Amino acid sequence: MTSSSTISRRRVLKGAGIAALGSGATALLSSSKLAAQGGAPAIATNNQAGRKFKAFVKFSKDLPTVVEVTARGLTGNQVLLRVEAAQTCYSSTDQVLLNDERIPTTNASIVGHGGVGVVEAVGPQVMSTRVGDRVILNLHGACGRCFNCLNMRSDKCRSGQAGPQQPIATMASGAPVFGRTGAMSELAITGEEMITPLFYQGVSPAEIAMLTCVGGCGLGMTMTNCPVDVASDVVIFGGGPIGLASVMGAKLKGASKIILVEPIQYRRELGMKLGATHVVDPNQFTTRTPIPNAGGNSDHFKDALVDHLRELTKENHDRVWSGAGRNGPHHVIEAVGGDRLKPRNQPQGPDPTGVTVLNQCWELGSSIGSIVTCSVGHPNDAFVKLPAAQWADGAKHHWPGTGGGTNDRRDSGRYVRLMETGQINMKALVGKTYPLSQTREAYEVCAHREVISTVVLPNG
Ligand SMILES: [Zn+2]
Ligand SMILES: [Zn+2]
């Protein structure tokens with residue numbers, strides 16, 4: 001087979017557009033085309049080294065700020081994106097707003113949990129994407145080679161631990177800058193294992209950005225490792241972006257009852273629009289008293305919220321020999337976590353540590369039911385207490401993990417497909433958008449729960 005097309009190095013260097021220079025080289029986008037797009041200026045070198053761009057960087061003990069950094073050259077399977085949108089994850093509150101001393105400050109890093117962008121350059125080993133592709137920069141890598149990937153848990157891919165991370169840029173001071181998921185930036189530089197090319201129409205970058213971390217996690221909790229089954233009853237704790245994505249996933253999977261437990265009214269109302277069949281305000285059911293000598297029974301507490309949710313998911317007959325005997329919903333989804341900041345002008349949940357909810361999930365789940373948890377931010381010295389006999393000899397299934405079971409490279413594309421066809425509505429989760437210069441404000445609004453979430457558009 002012969003090829004009728006040839007690549008002219010001279011034509012490429014004249015800025016004729018996108019071309020691959022062959023083995024060992026890096027794809028180019030012409031400087032004139034890049035300049036026409038606005039934002040970070042382009043430097044038409046073959047590996048992008050020296051290209052300056054603005055990024056929201058955490059460095060030393062200071063709160064992160066927008067600074068100019070300089071790209072290092074792309075190598076291996078690295079990809080450079082012009083970032084279109086990136087969502088603000090509540091779990092970054094410690095890093096962005098509170099300056100938590102537990103977070104290492106020796107290295108500079110670009111803030112963010114992924115985003116959406118257009119590929120502008122690729123390293124010589126990249127195979128799955130090319131210049132001009134819109135891609136999602138996922139929170140979790142999916143290398144397909146590590147132990148966890150090979151055992152069907154790419155949401156726990158270990159590629160991030162495959163040797164020391166390489167800096168992607170340099171501060172004006174010369175300090176190295178890291179950040180393989182850092183999309184609060186005009187440009188993002190990451191590994192190929194972190195991205196998924198997208199081939200869909202009519203879906204905005206802001207709504208796709210909701211999939212990174214929170215939205216993908218919520219959908220994964222109901223659609224992947226522990227998929228909700230048709231006609232089942234599902235209780236979802238937490239009506240933030242993760243919980244609301246879970247509501248949409250549960251509806252899509254055919255659940256009959258979808259009960260959202262959430263203290264903030266506007267979130268409950270949105271939950272009903274997105275597919276919840278019932279909503280419950282946990283602040284109406286706060287009585288929780290220990291039951292002495294409960295033995296192996298999981299009900300070590302008389303809990304008003306658990307009792308109410310059981311009542312809502314009660315079977316409509318009690319004939320055990322005719323299939324009855326379930327005590328609790330089929331699936332319990334937890335998307336609450338520990339509060340970092342109090343909601344502004346909105347009610348706080350009954351337990352700001354988020355630990356009581358974890359206990360309630362266990363208590364509520366039926367004897368063979370599934371419990372899916374994903375949250376973070378609990379106090380360091382907090383423990384979940386489980387009845388030993390239930391834990392050792394029961395048949396409740398627990399599926400934990402911040403990825404919710406989503407294999408980002410496999411699932412991100414199909415989630416966007418669901419957005420394209422209108423089967424899920426991530427646009428409803430995008431509360432406000434901000435330019436890069438207001439990234440901290442975007443995190444504040446998100447952390448105070450003034451809207452469901454916020455999205456930064458680094459290139460306007
Ligand atoms: Zn996140
Ligand atoms: Zn892996």
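Quantities reported herein were computed from a predicted structural model and do not represent experimental measurements. In listed order, ligands and their atoms are each counted from 1.
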Practice task
Could you verify whether a donor N or O on one side chain and an acceptor N or O on the other, from His378 and Thr353, lie under 3.5 Å apart?
Solution key: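 Distance-only check fails for His378 and Thr353.
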
Exercise for the section: Taking atom types as modelled, find out whether Asn345 and His448 have a side-chain donor-acceptor pair closer than 3.5 angstrom. Expected result: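 Per modelled atom types, Asn345 and His448 side chains form no pair under 3.5 Å.
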
Practice task
Answer yes when Asp339 and Arg449 have at least one side-chain N-carboxylate O distance shorter than 4.0 Å, and no when they do not.
Solution key: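 Judged by the 4.0 Å cut-off on N to carboxylate O distance, Asp339 and Arg449 do form a salt bridge.
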
Problem - Short N-O contact, Glu193 and Arg145, less than 4.0 angstrom - result: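 No, this pair does not count.
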
Using a 3.5 Å distance criterion without hydrogens, assess whether the side chain of [X] forms a donor-acceptor pair with backbone atoms of [Y].
X	Y	answer
Lys257	Leu312	yes
Arg440	Phe56	no
Arg51	Arg72	no
Gln87	Ala209	no

Exercise for the section: Keeping waters out of it, list the protein N, O or S atoms under 2.8 Å from the Zn ion (ligand 2). Expected result: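 Listed by chain and number: Cys143 SG, Cys146 SG, Cys149 SG, Cys157 SG.
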
Handout entry: Heavy-atom side-chain proximity of Phe285 to Val261 below 4.5 angstrom
Key =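 With C-beta onward as the side chain, the pair stays apart.
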
Problem - Every N, O or S from the protein that is nearer than 2.8 Å to the Zn ion (ligand 1) - result: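 Near the Zn ion (ligand 1), below 2.8 Å, one finds Cys89 SG, His113 ND1, Cys213 SG.
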
